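In what follows, chains carry the letters A, B, and so on, assigned in the order in which the sequence lines appear, proteins first and then strands, with residues in each chain numbered from 1. All values derive from a computational prediction rather than experimental measurement.
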2 protein chains.
Amino acid sequence: MKHTYEYPRAALTVDCVVFGFDSGQAELQVLLIRRGLAPFKDHWALPGGFVRVEETLDDAARRELEEETGLKDLFLEQLYTFGTVHRDPRERVVSVAYYALTKPADHTTAASTDAAEARWFPVTDIPPLAFDHAEIFATALARLRGKLTYQPVGFELLPPKFTLTQLQRLYESVLGTEIDKRNFRKKVLSYDLLIPLKEQHREGPHRPAQLFRFDPMKYERLKKKGFLFEI
Amino acid sequence: MKHTYEYPRAALTVDCVVFGFDSGQAELQVLLIRRGLAPFKDHWALPGGFVRVEETLDDAARRELEEETGLKDLFLEQLYTFGTVHRDPRERVVSVAYYALTKPADHTTAASTDAAEARWFPVTDIPPLAFDHAEIFATALARLRGKLTYQPVGFELLPPKFTLTQLQRLYESVLGTEIDKRNFRKKVLSYDLLIPLKEQHREGPHRPAQLFRFDPMKYERLKKKGFLFEI
DNA sequence: GAAGTATTGTGTATTATTCACACGAAGTCA
DNA sequence: TGACTTCGTGTGAATAATACACAATACTTC
(Lines give C-alpha, C1' and ligand atoms only; values in the text may rest on other atoms or scores of the structure.)
Protein backbone atom coordinates (compact mmCIF):
# COMPACT_ATOMS: atom_id res chain seq x y z
CA MET A 1 0.00 0.00 0.00
CA LYS A 2 1.25 3.46 -0.94
CA HIS A 3 0.99 6.66 1.05
CA THR A 4 0.94 10.01 -0.65
CA TYR A 5 1.51 13.49 0.71
CA GLU A 6 1.43 17.02 -0.66
CA TYR A 7 5.04 17.74 0.37
CA PRO A 8 8.04 15.45 0.69
CA ARG A 9 8.53 14.04 4.19
CA ALA A 10 11.59 12.98 6.09
CA ALA A 11 11.71 9.42 7.37
CA LEU A 12 11.73 9.21 11.16
CA THR A 13 13.89 6.76 13.08
CA VAL A 14 15.00 6.10 16.63
CA ASP A 15 18.50 5.06 17.66
CA CYS A 16 19.54 3.82 21.08
CA VAL A 17 22.82 4.09 22.91
CA VAL A 18 22.70 1.23 25.39
CA PHE A 19 25.16 1.38 28.25
CA GLY A 20 26.03 -1.58 30.41
CA PHE A 21 28.45 -1.86 33.25
CA ASP A 22 30.51 -4.94 33.85
CA SER A 23 31.38 -5.14 37.52
CA GLY A 24 33.98 -7.72 36.70
CA GLN A 25 35.93 -5.66 34.21
CA ALA A 26 34.91 -2.43 35.94
CA GLU A 27 34.44 -0.80 32.60
CA LEU A 28 31.50 0.89 30.97
CA GLN A 29 30.27 -0.89 27.85
CA VAL A 30 28.07 0.08 24.92
CA LEU A 31 25.94 -2.28 22.86
CA LEU A 32 26.40 -2.24 19.09
CA ILE A 33 24.90 -4.28 16.31
CA ARG A 34 26.40 -5.27 13.02
CA ARG A 35 24.35 -4.08 10.10
CA GLY A 36 23.07 -6.77 7.78
CA LEU A 37 21.88 -4.43 5.02
CA ALA A 38 23.20 -1.57 2.91
CA PRO A 39 24.08 1.19 3.45
CA PHE A 40 27.00 0.54 5.79
CA LYS A 41 26.48 -3.21 5.44
CA ASP A 42 28.67 -5.09 7.96
CA HIS A 43 29.51 -1.90 9.78
CA TRP A 44 28.81 -1.53 13.48
CA ALA A 45 25.92 0.73 14.38
CA LEU A 46 23.57 1.70 17.17
CA PRO A 47 20.42 -0.39 17.42
CA GLY A 48 17.43 1.44 16.01
CA GLY A 49 14.91 1.64 13.20
CA PHE A 50 11.89 3.35 11.76
CA VAL A 51 9.15 4.84 13.87
CA ARG A 52 5.73 3.46 13.06
CA VAL A 53 2.97 5.94 12.54
CA GLU A 54 0.83 4.57 15.34
CA GLU A 55 3.43 4.36 18.10
CA THR A 56 5.06 7.00 20.28
CA LEU A 57 8.76 7.70 20.02
CA ASP A 58 9.43 6.01 23.35
CA ASP A 59 7.50 2.95 22.22
CA ALA A 60 9.47 2.81 19.00
CA ALA A 61 12.75 2.94 20.90
CA ARG A 62 11.71 0.12 23.22
CA ARG A 63 10.38 -1.98 20.38
CA GLU A 64 13.49 -1.64 18.24
CA LEU A 65 15.67 -2.36 21.20
CA GLU A 66 13.89 -5.58 21.96
CA GLU A 67 13.77 -6.65 18.31
CA GLU A 68 17.43 -6.06 17.69
CA THR A 69 19.03 -6.91 21.00
CA GLY A 70 16.46 -8.78 23.08
CA LEU A 71 16.72 -6.19 25.87
CA LYS A 72 13.59 -4.89 27.49
CA ASP A 73 12.35 -3.07 30.57
CA LEU A 74 15.42 -0.92 30.83
CA PHE A 75 15.91 2.67 31.82
CA LEU A 76 15.38 4.72 28.67
CA GLU A 77 15.49 8.44 28.13
CA GLN A 78 15.37 10.67 25.10
CA LEU A 79 18.72 12.20 24.28
CA TYR A 80 18.64 14.49 21.27
CA THR A 81 17.25 14.57 17.77
CA PHE A 82 19.69 14.44 14.90
CA GLY A 83 18.47 16.06 11.74
CA THR A 84 21.20 17.21 9.40
CA VAL A 85 20.16 16.82 5.80
CA HIS A 86 22.53 14.14 4.55
CA ARG A 87 23.19 12.03 7.59
CA ASP A 88 21.68 9.10 5.69
CA PRO A 89 22.99 8.73 2.14
CA ARG A 90 19.68 7.38 0.80
CA GLU A 91 17.24 10.08 1.72
CA ARG A 92 16.33 12.54 4.40
CA VAL A 93 16.19 10.72 7.73
CA VAL A 94 15.68 12.39 11.08
CA SER A 95 16.61 10.30 14.07
CA VAL A 96 15.44 10.71 17.63
CA ALA A 97 18.24 9.31 19.77
CA TYR A 98 17.74 7.63 23.13
CA TYR A 99 20.13 6.34 25.71
CA ALA A 100 19.48 3.35 27.87
CA LEU A 101 21.01 1.83 30.98
CA THR A 102 20.97 -1.85 31.75
CA LYS A 103 22.15 -4.12 34.52
CA PRO A 104 24.80 -6.76 34.04
CA ALA A 105 22.30 -9.52 34.72
CA ASP A 106 20.52 -8.61 31.49
CA HIS A 107 23.69 -8.57 29.44
CA THR A 108 23.75 -12.21 28.51
CA THR A 109 20.29 -12.21 27.02
CA ALA A 110 21.29 -9.39 24.73
CA ALA A 111 23.70 -10.95 22.32
CA SER A 112 21.87 -14.23 22.07
CA THR A 113 18.28 -13.48 21.21
CA ASP A 114 18.43 -11.81 17.85
CA ALA A 115 19.80 -13.05 14.57
CA ALA A 116 21.71 -9.86 13.87
CA GLU A 117 25.02 -9.85 15.66
CA ALA A 118 25.06 -7.73 18.80
CA ARG A 119 28.13 -7.12 20.92
CA TRP A 120 29.29 -5.13 23.92
CA PHE A 121 32.25 -2.82 23.44
CA PRO A 122 34.11 -0.88 26.11
CA VAL A 123 33.31 2.78 25.57
CA THR A 124 37.00 3.57 25.43
CA ASP A 125 37.46 1.36 22.40
CA ILE A 126 34.63 1.29 19.92
CA PRO A 127 34.89 0.50 16.22
CA PRO A 128 34.01 3.00 13.46
CA LEU A 129 30.26 3.46 13.34
CA ALA A 130 27.73 3.82 10.53
CA PHE A 131 25.99 7.12 9.69
CA ASP A 132 26.54 9.82 12.32
CA HIS A 133 26.36 7.26 15.08
CA ALA A 134 29.74 8.22 16.47
CA GLU A 135 28.35 11.67 17.16
CA ILE A 136 25.23 10.24 18.75
CA PHE A 137 27.34 7.99 20.92
CA ALA A 138 29.55 10.89 22.03
CA THR A 139 26.48 12.93 22.91
CA ALA A 140 25.08 10.07 24.94
CA LEU A 141 28.28 9.51 26.87
CA ALA A 142 28.52 13.20 27.69
CA ARG A 143 24.92 13.16 28.87
CA LEU A 144 25.46 10.10 31.03
CA ARG A 145 28.52 11.69 32.64
CA GLY A 146 26.58 14.83 33.39
CA LYS A 147 23.55 12.99 34.66
CA LEU A 148 25.42 10.63 36.94
CA THR A 149 26.67 13.46 39.11
CA TYR A 150 23.30 14.92 39.96
CA GLN A 151 20.79 12.11 39.56
CA PRO A 152 20.88 8.61 41.00
CA VAL A 153 20.81 6.84 37.65
CA GLY A 154 23.94 4.81 38.30
CA PHE A 155 21.95 2.12 40.07
CA GLU A 156 20.33 1.25 36.76
CA LEU A 157 23.70 -0.06 35.69
CA LEU A 158 24.24 -2.31 38.69
CA PRO A 159 22.58 -5.52 39.81
CA PRO A 160 19.81 -5.08 42.40
CA LYS A 161 22.23 -5.99 45.16
CA PHE A 162 25.62 -4.37 45.00
CA THR A 163 28.55 -3.38 47.17
CA LEU A 164 29.76 0.15 47.70
CA THR A 165 32.98 -0.72 45.97
CA GLN A 166 31.07 -1.77 42.86
CA LEU A 167 29.18 1.50 42.94
CA GLN A 168 32.41 3.41 43.29
CA ARG A 169 34.00 1.53 40.39
CA LEU A 170 31.00 2.46 38.28
CA TYR A 171 31.38 6.13 39.05
CA GLU A 172 35.09 5.98 38.41
CA SER A 173 34.60 4.22 35.13
CA VAL A 174 31.92 6.54 33.78
CA LEU A 175 33.49 9.75 35.00
CA GLY A 176 37.02 8.66 34.23
CA THR A 177 38.36 9.79 37.61
CA GLU A 178 39.59 8.25 40.82
CA ILE A 179 37.52 8.79 43.93
CA ASP A 180 38.59 8.54 47.54
CA LYS A 181 36.95 5.53 49.12
CA ARG A 182 36.10 7.05 52.48
CA ASN A 183 34.73 10.28 51.09
CA PHE A 184 32.67 8.44 48.50
CA ARG A 185 31.08 6.15 51.05
CA LYS A 186 30.44 8.99 53.44
CA LYS A 187 28.63 10.89 50.73
CA VAL A 188 26.44 8.21 49.21
CA LEU A 189 25.43 6.90 52.60
CA SER A 190 24.60 10.40 53.82
CA TYR A 191 21.68 10.54 51.39
CA ASP A 192 20.18 7.56 53.14
CA LEU A 193 18.99 6.05 49.86
CA LEU A 194 20.92 2.81 50.15
CA ILE A 195 19.52 0.05 52.28
CA PRO A 196 22.07 -2.35 53.80
CA LEU A 197 20.99 -5.96 53.32
CA LYS A 198 21.57 -8.84 55.68
CA GLU A 199 23.62 -10.52 52.99
CA GLN A 200 27.27 -10.12 52.23
CA HIS A 201 29.15 -10.49 49.01
CA ARG A 202 32.03 -12.90 49.40
CA GLU A 203 34.57 -13.71 46.77
CA GLY A 204 38.27 -14.24 47.00
CA PRO A 205 40.52 -14.50 50.05
CA HIS A 206 39.52 -11.36 51.82
CA ARG A 207 36.93 -9.74 53.99
CA PRO A 208 33.41 -9.95 52.48
CA ALA A 209 31.56 -6.80 51.51
CA GLN A 210 28.22 -5.52 52.74
CA LEU A 211 25.51 -5.65 50.09
CA PHE A 212 23.13 -2.74 49.54
CA ARG A 213 20.10 -2.03 47.45
CA PHE A 214 18.84 1.29 46.18
CA ASP A 215 15.52 2.58 47.49
CA PRO A 216 13.78 4.24 44.54
CA MET A 217 10.58 4.99 46.52
CA LYS A 218 12.48 7.00 49.06
CA TYR A 219 14.22 8.89 46.29
CA GLU A 220 10.88 9.82 44.73
CA ARG A 221 9.66 11.17 48.04
CA LEU A 222 12.78 13.23 48.56
CA LYS A 223 12.75 14.51 44.99
CA LYS A 224 9.36 16.08 45.54
CA LYS A 225 10.83 18.14 48.35
CA GLY A 226 13.46 19.57 46.03
CA PHE A 227 16.16 17.18 47.12
CA LEU A 228 19.22 16.97 44.89
CA PHE A 229 21.45 13.96 44.56
CA GLU A 230 25.01 15.02 43.91
CA ILE A 231 28.27 13.18 43.83
CA MET B 1 3.32 17.62 -6.88
CA LYS B 2 2.66 14.50 -4.87
CA HIS B 3 5.12 12.42 -2.87
CA THR B 4 4.55 8.77 -2.31
CA TYR B 5 6.12 6.39 0.20
CA GLU B 6 5.87 2.70 0.98
CA TYR B 7 4.85 3.28 4.60
CA PRO B 8 2.90 6.13 6.20
CA ARG B 9 5.08 8.91 7.53
CA ALA B 10 4.65 11.34 10.38
CA ALA B 11 4.79 15.03 9.58
CA LEU B 12 7.74 16.78 11.19
CA THR B 13 7.50 20.22 12.75
CA VAL B 14 9.58 22.51 14.93
CA ASP B 15 8.18 24.64 17.77
CA CYS B 16 10.03 27.38 19.58
CA VAL B 17 9.72 28.63 23.14
CA VAL B 18 11.12 32.15 22.98
CA PHE B 19 12.07 33.74 26.28
CA GLY B 20 12.63 37.44 26.70
CA PHE B 21 13.48 39.39 29.80
CA ASP B 22 12.12 42.83 30.46
CA SER B 23 14.54 44.67 32.73
CA GLY B 24 11.85 47.24 33.40
CA GLN B 25 9.22 44.83 34.67
CA ALA B 26 11.88 42.44 35.92
CA GLU B 27 9.87 39.52 34.73
CA LEU B 28 10.56 36.71 32.32
CA GLN B 29 8.36 36.74 29.22
CA VAL B 30 7.48 34.21 26.57
CA LEU B 31 6.49 34.96 23.00
CA LEU B 32 3.24 33.47 21.70
CA ILE B 33 1.39 33.82 18.43
CA ARG B 34 -2.29 33.68 17.78
CA ARG B 35 -3.21 30.95 15.33
CA GLY B 36 -4.95 32.10 12.17
CA LEU B 37 -5.95 28.63 10.96
CA ALA B 38 -7.69 25.55 12.25
CA PRO B 39 -7.16 23.51 14.31
CA PHE B 40 -7.08 25.70 17.41
CA LYS B 41 -7.91 28.74 15.32
CA ASP B 42 -7.55 31.94 17.39
CA HIS B 43 -5.82 30.05 20.18
CA TRP B 44 -2.42 31.10 21.41
CA ALA B 45 0.43 28.81 20.43
CA LEU B 46 4.19 28.55 20.20
CA PRO B 47 5.68 29.81 16.96
CA GLY B 48 6.67 26.93 14.69
CA GLY B 49 5.90 25.04 11.52
CA PHE B 50 6.81 22.23 9.18
CA VAL B 51 10.38 21.16 8.55
CA ARG B 52 11.32 21.27 4.89
CA VAL B 53 13.02 18.24 3.48
CA GLU B 54 16.14 20.12 2.44
CA GLU B 55 16.83 22.04 5.66
CA THR B 56 18.26 20.97 9.01
CA LEU B 57 16.14 21.09 12.14
CA ASP B 58 18.02 24.12 13.44
CA ASP B 59 17.50 25.90 10.15
CA ALA B 60 13.82 25.15 10.22
CA ALA B 61 13.52 26.56 13.74
CA ARG B 62 15.31 29.77 12.78
CA ARG B 63 13.31 30.15 9.61
CA GLU B 64 9.94 29.67 11.27
CA LEU B 65 10.91 32.03 14.03
CA GLU B 66 11.77 34.79 11.62
CA GLU B 67 8.71 34.19 9.47
CA GLU B 68 6.29 34.24 12.35
CA THR B 69 7.83 36.72 14.75
CA GLY B 70 10.53 38.67 12.87
CA LEU B 71 13.19 37.57 15.38
CA LYS B 72 16.53 36.39 14.12
CA ASP B 73 20.10 35.78 15.26
CA LEU B 74 19.09 34.66 18.69
CA PHE B 75 20.38 32.01 21.00
CA LEU B 76 18.64 28.79 20.00
CA GLU B 77 18.99 25.30 21.38
CA GLN B 78 17.14 22.06 20.87
CA LEU B 79 14.97 21.12 23.81
CA TYR B 80 13.13 17.83 23.34
CA THR B 81 11.14 16.01 20.72
CA PHE B 82 7.44 15.49 21.35
CA GLY B 83 5.99 12.49 19.63
CA THR B 84 2.86 11.13 21.24
CA VAL B 85 0.49 9.77 18.65
CA HIS B 86 -2.46 12.14 18.86
CA ARG B 87 -0.86 15.42 19.86
CA ASP B 88 -2.22 16.90 16.63
CA PRO B 89 -5.87 16.05 15.94
CA ARG B 90 -5.39 15.97 12.17
CA GLU B 91 -2.67 13.37 11.74
CA ARG B 92 0.54 12.10 13.24
CA VAL B 93 2.86 15.05 13.83
CA VAL B 94 6.20 14.82 15.60
CA SER B 95 7.57 18.12 16.82
CA VAL B 96 11.16 18.96 17.63
CA ALA B 97 10.98 21.70 20.24
CA TYR B 98 13.56 24.46 20.65
CA TYR B 99 13.97 27.19 23.16
CA ALA B 100 15.39 30.58 22.35
CA LEU B 101 16.65 33.53 24.35
CA THR B 102 16.49 37.09 23.17
CA LYS B 103 17.52 40.50 24.41
CA PRO B 104 15.01 43.22 25.23
CA ALA B 105 16.37 45.42 22.41
CA ASP B 106 15.01 42.86 19.93
CA HIS B 107 11.62 42.68 21.55
CA THR B 108 9.98 45.54 19.68
CA THR B 109 10.76 44.13 16.25
CA ALA B 110 9.01 40.93 17.21
CA ALA B 111 5.37 41.84 17.39
CA SER B 112 5.45 44.23 14.48
CA THR B 113 6.90 42.40 11.50
CA ASP B 114 4.52 39.59 10.83
CA ALA B 115 0.87 39.68 10.00
CA ALA B 116 -0.06 37.00 12.54
CA GLU B 117 -0.47 38.50 15.97
CA ALA B 118 2.51 37.91 18.26
CA ARG B 119 2.64 38.93 21.90
CA TRP B 120 4.81 38.66 24.96
CA PHE B 121 3.31 37.09 28.06
CA PRO B 122 4.83 36.90 31.52
CA VAL B 123 5.68 33.24 32.15
CA THR B 124 3.66 33.33 35.35
CA ASP B 125 0.49 34.17 33.47
CA ILE B 126 0.09 32.57 30.07
CA PRO B 127 -3.19 31.80 28.31
CA PRO B 128 -4.34 28.26 27.40
CA LEU B 129 -2.20 26.95 24.57
CA ALA B 130 -2.94 24.93 21.44
CA PHE B 131 -1.91 21.27 21.03
CA ASP B 132 0.50 20.07 23.73
CA HIS B 133 2.23 23.43 23.77
CA ALA B 134 1.66 23.93 27.48
CA GLU B 135 3.76 20.82 28.09
CA ILE B 136 6.45 22.05 25.73
CA PHE B 137 6.50 25.39 27.45
CA ALA B 138 6.80 23.80 30.88
CA THR B 139 9.68 21.66 29.66
CA ALA B 140 11.42 24.71 28.28
CA LEU B 141 11.06 26.70 31.46
CA ALA B 142 12.40 23.84 33.51
CA ARG B 143 15.35 23.52 31.14
CA LEU B 144 16.09 27.22 31.30
CA ARG B 145 16.04 27.13 35.09
CA GLY B 146 18.42 24.26 35.16
CA LYS B 147 20.70 25.72 32.54
CA LEU B 148 20.94 29.14 34.09
CA THR B 149 22.62 27.80 37.20
CA TYR B 150 25.49 26.10 35.46
CA GLN B 151 25.95 27.87 32.14
CA PRO B 152 26.27 31.58 31.47
CA VAL B 153 23.23 31.77 29.19
CA GLY B 154 21.56 34.53 31.15
CA PHE B 155 23.45 37.19 29.26
CA GLU B 156 21.52 36.27 26.14
CA LEU B 157 18.48 37.73 27.84
CA LEU B 158 20.07 41.07 28.72
CA PRO B 159 21.19 44.01 26.60
CA PRO B 160 24.91 44.07 25.73
CA LYS B 161 25.53 46.53 28.57
CA PHE B 162 23.87 45.76 31.84
CA THR B 163 24.18 46.38 35.54
CA LEU B 164 24.73 43.72 38.17
CA THR B 165 21.34 44.49 39.62
CA GLN B 166 19.69 43.77 36.27
CA LEU B 167 21.57 40.49 36.12
CA GLN B 168 20.46 39.63 39.61
CA ARG B 169 16.84 40.50 38.84
CA LEU B 170 17.05 38.16 35.86
CA TYR B 171 18.27 35.29 37.98
CA GLU B 172 15.66 35.97 40.60
CA SER B 173 12.90 36.12 38.02
CA VAL B 174 13.86 32.93 36.22
CA LEU B 175 14.66 30.92 39.29
CA GLY B 176 11.82 32.34 41.32
CA THR B 177 14.00 32.96 44.36
CA GLU B 178 15.54 35.88 46.18
CA ILE B 179 19.29 36.19 46.12
CA ASP B 180 21.53 38.08 48.50
CA LYS B 181 23.05 41.05 46.71
CA ARG B 182 26.55 40.86 48.13
CA ASN B 183 26.93 37.14 47.71
CA PHE B 184 25.59 37.29 44.18
CA ARG B 185 28.00 40.03 43.11
CA LYS B 186 30.93 38.31 44.80
CA LYS B 187 30.19 35.14 42.92
CA VAL B 188 29.60 36.44 39.40
CA LEU B 189 32.59 38.77 39.60
CA SER B 190 34.82 35.97 40.88
CA TYR B 191 34.54 34.24 37.51
CA ASP B 192 36.11 37.27 35.91
CA LEU B 193 33.82 37.01 32.87
CA LEU B 194 32.23 40.43 33.27
CA ILE B 195 34.09 43.44 31.98
CA PRO B 196 33.33 46.73 33.75
CA LEU B 197 32.73 49.52 31.25
CA LYS B 198 33.65 53.16 31.61
CA GLU B 199 29.99 54.01 31.38
CA GLN B 200 27.42 54.12 34.11
CA HIS B 201 23.73 53.56 34.04
CA ARG B 202 21.86 56.51 35.55
CA GLU B 203 18.16 56.69 36.05
CA GLY B 204 16.16 58.07 38.92
CA PRO B 205 17.28 60.00 41.94
CA HIS B 206 20.00 57.72 43.20
CA ARG B 207 23.52 56.61 42.75
CA PRO B 208 24.24 55.44 39.18
CA ALA B 209 25.18 51.81 38.56
CA GLN B 210 28.31 50.46 36.95
CA LEU B 211 27.70 48.91 33.53
CA PHE B 212 29.26 45.60 32.53
CA ARG B 213 29.45 43.47 29.46
CA PHE B 214 29.88 39.72 29.21
CA ASP B 215 33.08 38.38 27.67
CA PRO B 216 32.08 35.34 25.58
CA MET B 217 35.60 34.78 24.23
CA LYS B 218 37.04 34.43 27.70
CA TYR B 219 34.27 32.02 28.59
CA GLU B 220 35.08 29.85 25.60
CA ARG B 221 38.73 29.70 26.64
CA LEU B 222 37.88 28.79 30.20
CA LYS B 223 35.34 26.21 29.11
CA LYS B 224 38.01 24.27 27.26
CA LYS B 225 39.90 23.93 30.52
CA GLY B 226 36.91 22.29 32.16
CA PHE B 227 35.74 25.44 33.85
CA LEU B 228 32.20 25.39 35.26
CA PHE B 229 30.01 28.42 35.66
CA GLU B 230 27.72 27.99 38.64
CA ILE B 231 25.41 30.29 40.45
C1' DG C 1 46.90 -23.45 63.00
C1' DA C 2 50.00 -19.72 61.85
C1' DA C 3 51.52 -16.61 58.43
C1' DG C 4 50.53 -14.32 54.19
C1' DT C 5 47.49 -11.83 51.27
C1' DA C 6 43.68 -9.09 49.52
C1' DT C 7 39.85 -6.30 50.22
C1' DT C 8 36.51 -4.12 53.44
C1' DG C 9 35.34 -0.59 56.60
C1' DT C 10 36.12 3.40 59.42
C1' DG C 11 37.51 8.97 61.67
C1' DT C 12 39.74 13.30 62.00
C1' DA C 13 42.06 17.50 60.96
C1' DT C 14 42.56 21.03 57.28
C1' DT C 15 40.90 23.68 53.87
C1' DA C 16 37.49 25.78 50.83
C1' DT C 17 32.84 27.30 50.12
C1' DT C 18 28.47 29.00 51.39
C1' DC C 19 25.60 31.80 53.91
C1' DA C 20 23.80 35.58 56.78
C1' DC C 21 23.95 40.20 57.58
C1' DA C 22 24.21 46.41 57.73
C1' DC C 23 25.69 50.77 56.35
C1' DG C 24 28.13 54.55 53.93
C1' DA C 25 28.36 56.47 48.99
C1' DA C 26 26.44 58.83 45.13
C1' DG C 27 23.10 60.71 42.75
C1' DT C 28 18.16 63.50 42.13
C1' DC C 29 14.57 66.34 43.69
C1' DA C 30 12.13 69.64 46.56
C1' DT D 1 20.72 71.25 52.59
C1' DG D 2 17.91 67.56 53.79
C1' DA D 3 15.09 63.63 52.19
C1' DC D 4 15.03 59.85 49.36
C1' DT D 5 16.56 55.89 46.54
C1' DT D 6 19.57 52.65 44.72
C1' DC D 7 24.59 51.30 44.45
C1' DG D 8 28.46 49.11 46.30
C1' DT D 9 31.16 46.85 49.75
C1' DG D 10 33.47 43.01 54.08
C1' DT D 11 33.49 39.81 57.86
C1' DG D 12 32.44 36.00 60.84
C1' DA D 13 29.91 31.58 61.43
C1' DA D 14 28.43 27.36 59.55
C1' DT D 15 28.77 23.93 56.31
C1' DA D 16 30.84 21.09 52.89
C1' DA D 17 34.97 19.21 50.52
C1' DT D 18 39.33 17.18 50.76
C1' DA D 19 43.38 14.54 52.18
C1' DC D 20 44.93 10.75 54.46
C1' DA D 21 46.25 5.40 57.27
C1' DC D 22 45.31 1.30 59.56
C1' DA D 23 42.74 -2.43 61.86
C1' DA D 24 39.16 -6.15 60.68
C1' DT D 25 37.89 -10.23 58.15
C1' DA D 26 37.98 -13.86 55.18
C1' DC D 27 40.58 -17.26 52.32
C1' DT D 28 44.90 -19.79 51.03
C1' DT D 29 49.08 -22.01 51.75
C1' DC D 30 52.55 -24.24 54.25
> So that I know where these two stand, are B/F214 and B/F162 an aromatic pair - ring centroids less than 6.0 Å apart?
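No, ring centres 6.0 Å or more apart.
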> Other residues, nucleotides and ligands only: do more than 12 of their heavy atoms fall within 6.0 Å of NZ on A/K147?
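Counting other residues, nucleotides and ligands, NZ of A/K147 exceeds 12 neighbours.
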> Does a side-chain N-to-carboxylate-O contact under 4.0 Å join B/E135 and B/R87?
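Salt bridge absent between B/E135 and B/R87.
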> Please check if the side chain of B/E64 supplies one atom and the backbone of B/P47 the other of a donor-acceptor pair under 3.5 Å.
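No.
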> Just to be sure I understand the geometry, which residues of residues 171-182 of chain A put a non-hydrogen atom under 4.0 Å away from DNA chain D?
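Residues of residues 171-182 of chain A that come under 4.0 Å of DNA chain D are, in numerical order, A/D180, A/R182.
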> Looking for any heavy atom pair under 4.0 Å, which part of the strands does B/T165 touch: base, sugar-phosphate only, or nothing?
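Answer is sugar-phosphate: B/T165 comes under 4.0 Å of backbone atoms only.
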> Please check: side-chain N/O of A/R143 versus main-chain N/O of A/L79, any donor-acceptor pairing under 3.5 Å?
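Here the side-chain-to-backbone pair exists.
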> Measuring centre to centre across the rings, with the benzene-like ring taken for any Trp, is A/F82 within less than 6.0 Å of A/Y80?
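Yes, ring centres under 6.0 Å apart.
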> How do A/L189 and B/Q200 order along DNA chain C: which one's closest nucleotide is nearer the 5' end?
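The residue whose closest nucleotide sits nearer the 5' end is A/L189.
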> Name the orientation class of the two ring planes belonging to B/F227 and B/Y219 (parallel below 30°, tilted from 30 to 60°, perpendicular beyond 60°).
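If you compare the ring of B/F227 with that of B/Y219, the planes turn out perpendicular.
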> For DNA chain D, which residues of residues 203-211 of chain A approach it to below 4.0 angstrom with any heavy atom?
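Only A/G204, A/P205, A/H206, A/R207, A/P208 qualify.
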> Relative to the ring of A/F19, is the ring of A/F137 parallel (under 30°), tilted (30 to 60°) or perpendicular (over 60°)?
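Taking A/F19 first and then A/F137, their aromatic rings sit tilted (interplane angle of 30° to 60°).
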> Under the rule for ring pair (Phe, Tyr, Trp, His ring centres under 6.0 Å), what residues qualify as partners of B/F131, not counting sequence neighbours?
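With neighbours one apart ignored, the set is B/F40, B/H133.
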> Output the rounded distance in Å from CG (B/L167) to C1' (D/dC7).
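Taking CG of B/L167 and C1' of D/dC7, I get 15 Å after rounding.
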> If only atom types and distance count, is the side chain of B/E156 paired as donor or acceptor with the main-chain N or O of B/V153 below 3.5 Å?
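The answer is no, because no donor-acceptor pair under 3.5 Å joins these two groups.
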> Could you list the protein-to-nucleotides 12-18 of chain D atom pairs, N/O on both sides, closer than 3.5 Å?
from	atom 1	to	atom 2	distance (Å)
D/dA17	OP1	A/K187	NZ	3.2
D/dA17	OP2	A/K187	NZ	3.4

> Would you tabulate the side-chain donor-acceptor contacts of residues 197-209 of chain A under 3.5 Å, counting partners in other chains and residues two or more places apart, or write 'none'?
from	atom 1	to	atom 2	distance (Å)
A/E199	OE1	A/K161	NZ	3.4
A/E199	OE2	A/K161	NZ	2.5
A/Q200	OE1	A/R202	NH2	3.4
A/H206	NE2	A/E203	O	2.7

> For A/R185, which contact category applies under a 4.0 Å heavy-atom criterion: base, sugar-phosphate, or nothing?
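Base contact - A/R185 has a heavy atom under 4.0 Å of at least one base atom.
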> Do you know the tightest heavy-atom contact between B/L32 and B/P127?
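Minimum heavy-atom contact is CD1-CD, 3.7 Å.
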> Would you say B/R62's side chain and B/D73's backbone share a donor-acceptor pair under 3.5 angstrom?
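Judged by distance alone, no pair lies under 3.5 Å.
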> Could you give the start and end, 5' to 3', of the contact zone on DNA chain C for chain B, using atoms under 4.0 Å from its heavy atoms?
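So the contact region on DNA chain C extends C/dT18 to C/dT28.
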